[in-house]
Amino acid sequence: QVQLVESGGGLVQPGGSLRLSCAASGTIFSIDGMGWYRQAPWKERELVARCFSSGCANFVDSVKGRFTISRDNGENTVHLQMNSLKPEDTAVYYCNADIRRTRWDASRNYWGQGTQVTVSS
């Protein structure tokens with residue numbers, strides 16, 4: 001099996017920072033892409049940032065300049081550094097990855113359980 005385990009969520013005041021981490025474990029041959037989605041109450045899940053073999057990118061205009069995604073290939077881990085947090089960043093943040101378990105397998109998509117981020121005074 002493959003598991004994605006997230007950590008680092010919590011309650012923070014506006015303007016504060018949090019660092020989310022996601023570690024992939026299990027039988028892993030390669031990770032083709034790994035990143036973060038978020039889902040706020042009453043909204044659709046959206047892609048926030050993702051790392052590919054060619055590099056990493058943000059996909060939400062409102063987080064550019066505030067959120068930074070990074071990947072540690074040796075540890076099968078991806079991090080999301082979130083600075084200058086705003087109430088509208090409040091959401092459940094989900095780790096997502098495309099993982100190949102063996103050299104003969106096709107890449108499959110996996111989700112973490114999600115971690116709550118609440119920005120409030």
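W36 places a side-chain heavy atom less than 4.5 Å from the side chain of L20. Inter-residue side-chain proximity for C56 and S70 is flagged as unmet; no heavy-atom pair is nearer than 4.5 Å. In this structure the side chain of E6 never reaches within 4.5 angstrom of the side chain of L80, judged on heavy atoms. Using a 4.5 Å heavy-atom threshold, the side chains of C22 and M34 count as touching. Within the 4.5 Å cutoff, no side-chain heavy atoms of M82 are placed close to those of V119. Side-chain contact between V92 and Y37 is absent, with no heavy-atom pair separated by less than 4.5 Å. Looking only at side-chain heavy atoms (C-beta outward), I99 and N76 stay at 4.5 Å or farther from each other. Contact of the I31 side chain with the V78 side chain is not registered, since no non-hydrogen atoms from C-beta on lie closer than 4.5 Å.
For G35 against I69, the heavy-atom pair with the smallest separation is CA-CD1, 3.9 Å. The minimum heavy-atom distance linking G9 with V117 is given by the pair CA-CG2, 4.2 Å. What you find for L4 and A24 is that their closest heavy atoms are CD2-CB, 3.5 Å.
Here the CD atom belonging to Q39 is positioned 9.5 Å from the CD atom belonging to E46, to the nearest 0.5 angstrom. Taking CZ of F67 as the reference point, atom CG of L85 lies at 5.0 Å (rounded to 0.5 Å). Distance check: Q81 CD to L18 CG gives 8.5 Å after rounding to the nearest 0.5 Å. To the nearest 0.5 angstrom, S120 atom OG is 12.5 Å from D89 atom CG. The NE2 atom of H79 sits 10.0 Å away from the SG atom of C51 when rounded to the nearest 0.5 Å. Q113 contributes atom CD, which lies 11.5 Å from atom SG of C95 (distance to the nearest 0.5 angstrom).
Counting heavy atoms of neighbouring residues, nucleotides and ligands inside a 6.0 Å radius, atom CD of Q116 exceeds 12 of them. Around the CZ atom of R108, the shell of radius 6.0 Å holds no more than 12 heavy atoms that belong to other residues, nucleotides or ligands. More than 12 non-hydrogen atoms from other residues, nucleotides or ligands lie less than 6.0 angstrom from CD of E88.
Ring-plane geometry between W111 and Y94 is classed as perpendicular, the angle between the planes exceeding 60 degrees on a 0 to 90 degree scale with a lower cut at 30.
Without hydrogens or angle criteria, N96 side chain to Y110 main chain gives a donor-acceptor distance under 3.5 Å. Without hydrogens or angle criteria, T77 side chain to A23 main chain gives no donor-acceptor distance under 3.5 Å.
Follow the hydrophobic side-chain contacts under 4.5 Å out from F52 and you reach L47 in the same cluster.
Between R100 and the options V2, I28, T27, D32, a side-chain contact (heavy atoms from CB on, under 4.5 Å) holds for only D32.
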For this session: Apply the test side chain to side chain contact (heavy atoms under 4.5 Å, CB included) to residues R38 and V60: give CA-CA distance (whole Å), side-chain angles for both, the deciding distance (0.1 Å), then the verdict.
Result: CA-CA 10 Å; R38 70 182 180 184; V60 177; 3.9 Å; yes
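Using a 4.0 Å cut-off between a side-chain N of Lys or Arg and a carboxylate O of Asp or Glu, D61 and K64 qualify as a salt bridge.
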